[in-house]
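This report refers to the structure that appears directly beneath it.
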There are 2 protein chains.
Amino acid sequence: MVRMADVARAAGVSAMTVSNVLNERLPVGEPTRARVMAAVEALGYEVNLTARHLRAGRTDTVAFIVPSFHDYFGEVADKIAPLIEAEGRHLVLERTSGSPEHEMAALSVARLQLYDGVLLSVAGLDRDQLDRVRSSKPIVLLGERDVPDRFNHVRLANEEGARLATAHMIEHGSRRILALGCTFDTAHMMTSDRRIGWERALLDAGLDVDPRYVVPIATYTPAAARDALLDVIASGLPFDGVFAVTDVIALGAVAALAESGLRVPVDVQLAGFDNLDMASFLPPGLTSVDANHEGVAETAVGLLHRQMAGWTGPAEHVVAPVRLVVRGSTRGGA
Amino acid sequence: MVRMADVARAAGVSAMTVSNVLNERLPVGEPTRARVMAAVEALGYEVNLTARHLRAGRTDTVAFIVPSFHDYFGEVADKIAPLIEAEGRHLVLERTSGSPEHEMAALSVARLQLYDGVLLSVAGLDRDQLDRVRSSKPIVLLGERDVPDRFNHVRLANEEGARLATAHMIEHGSRRILALGCTFDTAHMMTSDRRIGWERALLDAGLDVDPRYVVPIATYTPAAARDALLDVIASGLPFDGVFAVTDVIALGAVAALAESGLRVPVDVQLAGFDNLDMASFLPPGLTSVDANHEGVAETAVGLLHRQMAGWTGPAEHVVAPVRLVVRGSTRGGA
DNA sequence: CGCCGTCATATTATCGATAAAATGTTTCCT
DNA sequence: AGGAAACATTTTATCGATAATATGACGGCG
């Protein structure tokens with residue numbers, strides 16, 4: 001391991017001069033700078049980032065902590081990365097499996113030290129647990145859970161999105177719409193907020209809210225969604241529309257409907273949420289609620305940058321607006 | 001920031017004793033241990049991982065460096081994470097955009113220092129560039145590029161997989177099969193290795209290899225794939241099968257075929273590569289070459305663990321076997 | 001000619017933890 | 001009782017860089 005001191009010796013200067021050359025902190029005379037650079041090249045020296053971090057208290061790295069790496073979070077992460085890199089920092093992803101324990105561990109003093117700032121997609125933690133986090137590290141929370149006021153937070157207009165999607169299917173003739181993957185949780189969660197939007201659309205249209213039409217799912221995978229929907233079909237419960245709580249769930253629904261010979265959108269209309277890349281390619285095109293990933297990424301990163309730059313004003317709680325992207329899976333589409 | 005020295009003072013012992021209690025390195029008397037633990041609790045002390053890293057030379061962290069976070073790599077990363085965590089380490093993901101410069105930077109001395117080991121999915125680097133990497137850090141390379149012998153490397157049986165998929169479509173009646181997303185590169189690349197498999201299947205069946213049937217794609221997105229295939233359709237080139245170089249490309253093909261009123265598998269058979277989760281849900285089910293992500297993950301992590309444990313034997317070059325998963329998008333499927 | 005300011009570079013102290021060696025204390029055995 | 005072994009804890013040095021401060025050389029000016 002080549003150290004700064006080795007470079008210093010080779011160039012006949014002190015370590016501090018090497019540091020000044022490399023970091024352009026204090027001015028260094030041209031001949032000296034040249035000698036130092038030559039020594040750096042000759043020895044192949046590179047700074048020890050750990051030592052720099054310990055001494056300078058800065059890592060130039062931001063973490064985005066997500067429940068899982070694939071699908072939705074992978075897409076959002078790819079939007080976030082360039083924004084972080086534009087400010088000369090690195091982005092790394094960590095995974096929590098959505099468990100509260102892992103999420104708390106990611107917010108522990110020890111782990112937060114490793115980054116200049118952290119974006120956390122909250123899946124498992126509730127407000128009380130988040131309140132126990134004591135740290136002045138810049139943090140921005142993403143996701144649909146309730147969070148303490150002191151945290152910057154970006155969430156989606158879940159209820160409105162679900163309402164839009166459901167109302168759109170009602171408008172085009174659906175009367176019995178499943179809320180696939182929704183729940184009756186009382187705490188704010190993605191699955192319950194979206195259920196409320198679904199309910200609202202039904203009530204606005206003067207339709208009944210039948211709890212049998214809320215179909216919870218064991219795990220948020222297309223496989224579980226397909227199985228759940230196949231069960232519904234087997235049970236004989238009549239339906240002519242499906243609001244899937246996410247596009248990933250909608251993917252499972254597409255498979256179940258196709259397997260059962262139900263045509264989309266003729267027999268059953270289908271709408272999802274998230275507008276993943278996939279949505280526009282899945283024939284006949286998946287109608288989906290779009291929350292503008294890119295805008296969400298910009299907002300969240302903006303809040304984080306502001307904190308990292310030293311801003312100490314009150315935290316912001318942003319609700320990202322949504323719009324419905326209509327495609328062939330509903331009768332308003334092509 | 002609470003330091004170990006603060007805990008030591010509170011417990012009336014030396015910092016070293018605190019360290020010994022927390023790390024269970026040297027034995028500590030029970031009453032002392034209790035006092036130390038009480039002080040740790042009272043002050044809410046947590047170790048400074050950066051200082052530990054600097055002194056102890058270990059981060060307990062492994063990086064998986066990928067071209068992009070979504071789709072294929074997100075799925076593989078979710079398989080790798082539990083394997084790393086099972087050994088008590090953390091996994092972080094970094095992104096290179098597939099550019100050689102970013103990949104080299106990720107392999108720089110400075111960045112490698114941050115991890116106990118690195119898994120790198122090579123997209124842009126060639127053998128010569130990789131040869132310039134000088135580091136004894138445990139590294140395992142993934143991906144289809146050629147790599148120097150001294151690196152552990154896991155790649156897929158690309159040629160065989162493409163051959164299987166193509167042969168399967170020939171067997172079920174296709175005679176003019178597009179190689180969508182393939183290329184004529186001479187270096188080993190995913191897109192050229194798979195083209196060779198496609199060629200082989202054609203030749204084995206006594207069919208012509210017509211270069212017009214190799215359709216390169218600007219960017220590896222479903223949108224670009226759809227556009228490329230729509231262009232082919234518009235050109236009037238007749239075809240009755242599509243081998244898509246990846247499932248992501250196949251997704252674009254599905255959209256293009258649906259838009260053009262071509263029925264899968266009746267008019268055109270379609271097969272992909274990677275067997276992403278999506279493949280089994282995309283109606284009528286996407287026939288795809290499965291490379292057993294989980295097995296690849298286990299192999300790669302196994303090689304990395306071996307290196308991190310101090311193994312210094314020769315590097316291994318593993319070619320992960322593939323099999324064809326037949327679904328409804330080809331006529332052998334349901 | 002001598003004093004002061006400016007610029008370039010060097011010295012010192014420190015970030016927080018831990019490996020290795022040193023010190024002190026108790027126990028045990030003959 | 002004497003001495004060694006066993007055990008518990010502390011001391012010292014170090015990982016590699018950098019912020020803050022100090023030193024030295026030179027030029028300008030009265």
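Chain letters run A, B, ... following the sequence lines, proteins first, then strands; residues in each count from 1.
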Quiz item: Nearest nucleotide by nearest heavy atom, which residue falls closer to the 5' end of DNA chain D, A/Ala5 or A/Leu26?
Solution: A/Ala5

Which part of the nucleic acid, if any, lies within contact of [X], taking any heavy atom under 4.0 Å across all strands shown: a base, the sugar-phosphate backbone alone, or nothing?
X       : value
B/Ser19 : sugar-phosphate
A/Asn20 : nothing
A/Thr32 : sugar-phosphate

Roughly how many Å is it from [atom1] in [X] to [atom2] in [N], rounded to a whole number?
X       : N      : atom1 : atom2 : answer
B/Leu22 : C/dT18 : CG    : C1'   : 12 Å
A/Arg55 : C/dT12 : CZ    : C1'   : 11 Å
A/Arg33 : C/dA8  : CZ    : P     : 10 Å
B/Arg25 : C/dA21 : CZ    : P     : 11 Å

Quiz item: Earliest and latest nucleotide of DNA chain D, 5' to 3', sitting under 4.0 Å from a non-hydrogen atom of chain B?
Solution: D/dA8 to D/dG16

Taking [X] for its side chain and [Y] for its backbone only, find out whether a donor-acceptor pair lies under 3.5 Å.
X        : Y        : result
B/Asp78  : A/Phe69  : yes
A/Gln307 : A/Ile139 : yes
A/His153 : A/Pro148 : no

Closest contact, heavy atoms only, [X] versus [Y]:
X        : Y        : value
B/Arg306 : B/Pro314 : NH2-O, 4.0 Å
A/His305 : A/Arg89  : CD2-NH2, 3.8 Å
A/Val7   : A/Val36  : CG1-O, 4.2 Å

